[in-house]
Trainee: 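Below is the structure I would like to discuss, written out as structure tokens.
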Amino acid sequence: MTVRVRFAPSPTGYLHIGSARTALFNYLYARHVGGKFLLRIEDTDIARSSEESTRSILDGLAWLELDHDEDIVFQSDNAEKHRVTAKKLLAEGKAYRDFTPRVAPSDANVKDAIKERARATQGEKNMRDNPYRELSSEESDARAAAGDPFAIRLKVAETGKTSFEDAVYGLQERRLAETEDLVLLRSDGHPLYNLAVVCDDIEMAITHVIRGQDHLTNTHKQVLIYEALGVTPPTFAHLPLIMAPNKGKLSKRKHGEVVSMTTYRDAGFLAAAFRNFLALLGWSAGEEREIYSLEELIEKFSLEGIHRSNAVFNFTENDPCRWTDDKAQWMNAEYIRMMPVAELLPFVKTELKATKLWREEYEPEGRALTETISSTADAGADERSAGVAIDTPEHGSYDWFVQTINLIRQRFFTLRDFSSHGRAYFSEDYDFDPAAIEKNLSKFPDLKMWLPELADRFDAEFAEESVSSLHVIKGFLPFTEENIETVIKSFAEEKGTKLGVIMNGARTLLTGVAVGPSMLAVFETLGKERSVLRLRSQIAWNS
RNA sequence: GACCGGUUCGUCUAGGGGUUAGGACACCGCCCUUUCACGGCGGCAACACGGGUUCAAAUCCCGUACCGGUUACCA
């Protein structure tokens, strides 16, 4: 029998981190065993469900690239089947009509109210004391025929227990005395969650139910429904929960954006990195290793590797550097600097397009960004060698673009950094970090004279960019790291200043920020003309 | 309250009778260096507590504490 799992979110908001991980684990399990990963939208709570939420959830799954098999099932479409099932159980005497008038749930803190009520009964409540439980079928039929509204409840045996072997938590048992006669069908004919889930899981031929452990008690109820229906229950695997930093519940309402998948997509996270992070929250392959490609996760995933204890998703509210989990941020940075640059390029393109920094020359006709490129742009190329070794490509060209991305990605954390911190590489219109100006320019007033002077020196020493290194006019050096270094060193010597003063001043003026790759590489990457132009610029001094 | 589950560095975790209790993130220090958020090296830091079982317990058993989940005519 082929394995069939499902991810079954209720569309009451965006896809949050916990659901995303549930979806991921279902996906990984299905792919690992060569089964099917199905999607079911549990929209039976009409009041709280929305199409917008459904769309948002689908967006989140699409971003994470968790493709589902077969058509999406909308639970509300199956309501009639659920009703038929409830009535069948009623007819078989496995369920009964409850004519108790419905009490409207208090609107505000439903959870608290329920907890309060449960506490009040001190656990001494007899779950079998419903006055309609033993009503004769004649009387029940008569009242129903007379139009009395009723809910349909499952008739749970007085003694015995439910049990199932959980793939994560092991044998689970619960005395029937702890389980109420659960409602299957509301008095308005609306099927309830546990019935709907069981019916749909049967109909979809689900073999493994992988979901959060907050469903552990529901599972006992569902097992009862399976038994009443005479169907063997699927295998259950309950997942530990993801908690807030205070080990409390991680909620959309309380924690907001930080738990939403779209936040990470919009913040410039790579889906591959976030998936990797998510996979390691509550699961491990038992190795001393952190980075796994999707293929590797699929290959290594197993239900045995799932933990039993909850995991904290760490972040600090009001701290821009710690707005989300440190490890998630690290992992994203790791992916950005280590993944094959050809795979990164399309994401950078999207980012630059969104910020109007993209130029078509970066991707000329007939040349896809994902094409394998020159030797310097291998995966994880060290910045110390990234900018050297080959001829400087023409500024603005495809090769230049690839080389530049490879150079600057070493210190970036998100895709957004390419358009913010890396803006000076793609535009003449970039901002200057006040702290950088303070540290590298203001402290050395001489630089206001020296840097334009250095520009003159560049003009005198270096060939125009259009002149390739093969056709260097005698006396004009190509604008390469090696040559630039020689010129700047002697320049600094002449001025009797430390090399660093010149370098850092130039860095600030040329890139607007105090951090970045080797300054020699920056010069070369920017090219002689831009370097000269920017060295002469006084904008930074005035801003 | 009752039922169920959990507890290894701050966080994610490895380890399931004998380990100097390992790794990652974060933090700190040193090195590299023109800067740095890259890189290299190093450091700080944990078996919740109490009883058993055993020659030996982080590991097995019991209890306690704490944390979490559930307790709806919500999903």
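Letters A, B, ... mirror the listed sequences (proteins, then strands); counts begin at 1.
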Trainee: What distance separates A/Met331 CE from A/Asp325 CG, expressed to the nearest 0.5 Å?
Mentor: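 Atom-to-atom, A/Met331:CE and A/Asp325:CG are 9.5 Å apart.
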Trainee: Answer with yes or no whether A/Ser518 presents, from its side chain, a donor or acceptor under 3.5 Å of a partner atom in the base of B/U34.
Mentor: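 Under the 3.5 Å cut-off, the side chain and the base do form a donor-acceptor pair.
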Trainee: What does A/Glu287 touch in the nucleic acid at a heavy-atom separation under 4.0 angstrom: a base, only the sugar-phosphate, or nothing?
Mentor: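 Contact class for A/Glu287: none.
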Trainee: With a 3.5 Å cut-off and heavy atoms only, can you find an N or O donor on one side and an acceptor on the other between the side chain of A/Lys247 and the base of B/C67?
Mentor: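 Checked by distance alone, the answer is no.
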Trainee: For a quick check of understanding: with a heavy-atom distance under 4.0 Å over all strands, which category does A/Arg153 fall into, base, sugar-phosphate or nothing?
Mentor: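 A/Arg153: backbone/sugar contact only, no base atoms under 4.0 Å.
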Trainee: Under a 4.0 Å N-O cut-off, is there an ion pair linking A/Asp112 with A/Lys115?
Mentor: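 Answer for the salt bridge query: no.
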Trainee: Hey, is A/Glu438 close enough to A/Lys443 for a salt bridge, meaning N to O under 4.0 Å?
Mentor: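 Looking at A/Lys443 together with A/Glu438, the answer is no, because their closest N to O distance does not fall below 4.0 Å.
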Trainee: Spell out yes or no: do the side chain of A/Arg117 and the base of B/U71 have one donor N/O and one acceptor N/O closer than 3.5 Å?
Mentor: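 No.
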Trainee: Within the structure shown, what part of the strands sits under 4.0 Å from A/Leu281 by heavy-atom distance: base, sugar-phosphate, or nothing?
Mentor: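 Sugar-phosphate contact only - A/Leu281 comes under 4.0 Å of backbone atoms but never of a base.
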Trainee: Scan A/His220 against the nucleic acid and name what it touches under 4.0 Å (heavy atoms): base, sugar-phosphate only, or nothing.
Mentor: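 Counting heavy atoms under 4.0 Å across all strands, no contact is made by A/His220.
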Trainee: Heavy atoms only, 4.0 Å cut-off, all strands: where does A/Thr100 land among base, sugar-phosphate and nothing?
Mentor: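 If one applies the 4.0 Å heavy-atom cut-off, A/Thr100 turns out to touch a base.
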Trainee: Which is true for A/His215 with a 4.0 Å heavy-atom rule: it touches a base, it touches only sugar-phosphate, or it touches nothing?
Mentor: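 Touches a base.
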Trainee: Students often get this wrong, so: under 4.0 angstrom with heavy atoms, is A/Ala151 touching a base, only sugar-phosphate, or nothing?
Mentor: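 Answer is base: heavy atoms of A/Ala151 come under 4.0 Å of a base.
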